[in-house]
Novice: 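Dropping a structure here in structure tokens format, bear with me for questions.
Indexing begins at 1, ligand by ligand and atom by atom, following the structure's order.
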Amino acid sequence: MKDKGLLLVVSGPSGAGKGTICNALREKFPNIHYSISMTTRQSRTGEVDGTDYYFTTNRHFEELLQEDAFLEHAKVYDHYYGTPKKSVFAHIDEGNHVMLEIDIQGAMQVKKKYPQGVFIYVVPPSKAVLEERLRGRKTDSEEVIAGRLSKARQELDWIQQYDYVIVNDDLHEATARAEAIVLAEMCSVDRNGCRIQQIQNMYQ
Ligand code: 5GP
């Protein structure tokens, strides 16, 4: 018997820095499997199909929905996003850790199905900082930025549903906190029942 791997679910408004934190976690823990989402939005410059996302059409996405192919899915900014079911639980059952970087709607669906997951919310230290980061990216119009700020405000009401919050005031610190959370969860007694049993058996 093997202990199950962790299911790490990371959410936060765009501009919170969750992508950077997730990348740092992947570097620090190369054995974390990063789930690649499927989306119907256009790929951005530099994004690679099958690496950043699986890019697809509305029609194909809706077909897959009918086939119950997603662990969770949501419409974010008018586009579909979903986590393909395939492989998430296979990895966890094998004792491998899996990380999902998904929005709140999706995270709440996962929480219902798998409350043992570790739910982490990354939040910018202030509205002003978020605004500054969104403008600094120079990728979005004023209208889009306003929409993202308003969404960020609404989403704050959901933080209580998460297990951990990381206030990203300093990227280095925020990454260290994320690593600490993952390490602590990896060491939890509840999550190491089989390992503990094996060690106990050695004394019999
Ligand atoms: P972006 O288009 O900027 O890459 O992502 C927009 C939002 O969609 C982000 O909050 C991101 O976390 C979320 N997202 C990405 N993949 C998924 C997914 O598979 N499911 C859900 N529910 N949200 C996702």
Novice: Please list, by chain and number, the protein residues whose heavy atoms come under 4.0 Å of ligand 1.
Specialist: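 Shell around ligand 1 (4.0 Å, heavy atoms): K18, S37, R41, R44, Y53, E72, A74, V76, Y81, G82, T83, E101, I102, D103, G106.
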Novice: Donor-acceptor check, side chain of T40 to backbone of Y80, threshold 3.5 angstrom: yes or no?
Specialist: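 The answer is yes, because a donor-acceptor pair under 3.5 Å joins these two groups.
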Novice: Going by atom type alone, with no hydrogens or angles, which donor-acceptor pairs under 3.5 Å involve a side-chain atom of residues 180-195 and a protein atom two or more places apart or on another chain?
Specialist:
from	atom 1	to	atom 2	distance (Å)
E185	OE1	R191	NE	2.9
E185	OE1	R191	NH2	3.1
E185	OE2	Y164	OH	2.6
S188	OG	D190	N	3.3
S188	OG	R191	N	3.1
R191	NH1	Q116	O	3.2
R191	NH2	Q116	O	3.0
N192	ND2	M186	O	2.9
N192	ND2	S188	O	2.7

Novice: Taking all heavy atoms of Y34 and all of E101, pick out the closest pair and write down the distance.
Specialist: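 Smallest heavy-atom distance, with atoms named: OH-OE1, 2.8 Å.
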Novice: Let me see the working for D169 and R177 under salt bridge (Lys or Arg N to Asp or Glu O under 4.0 Å), right down to the final yes or no.
Specialist: CA-CA 12 Å; D169 37 11; R177 286 175 203 143; 3.6 Å; yes
Novice: Only pairs under 3.5 Å count here: list side-chain donor-acceptor contacts from residues 12-28, not counting sequence neighbours, and write none if there are none.
Specialist:
from	atom 1	to	atom 2	distance (Å)
S14	OG	R148	NH1	2.7
K18	NZ	G12	O	2.9
N23	ND2	G19	O	3.4

Novice: Among residues at least two apart in sequence or on other chains, which ones pass side chain to side chain contact (heavy atoms under 4.5 Å, CB included) with Q200?
Specialist: I196, Q197
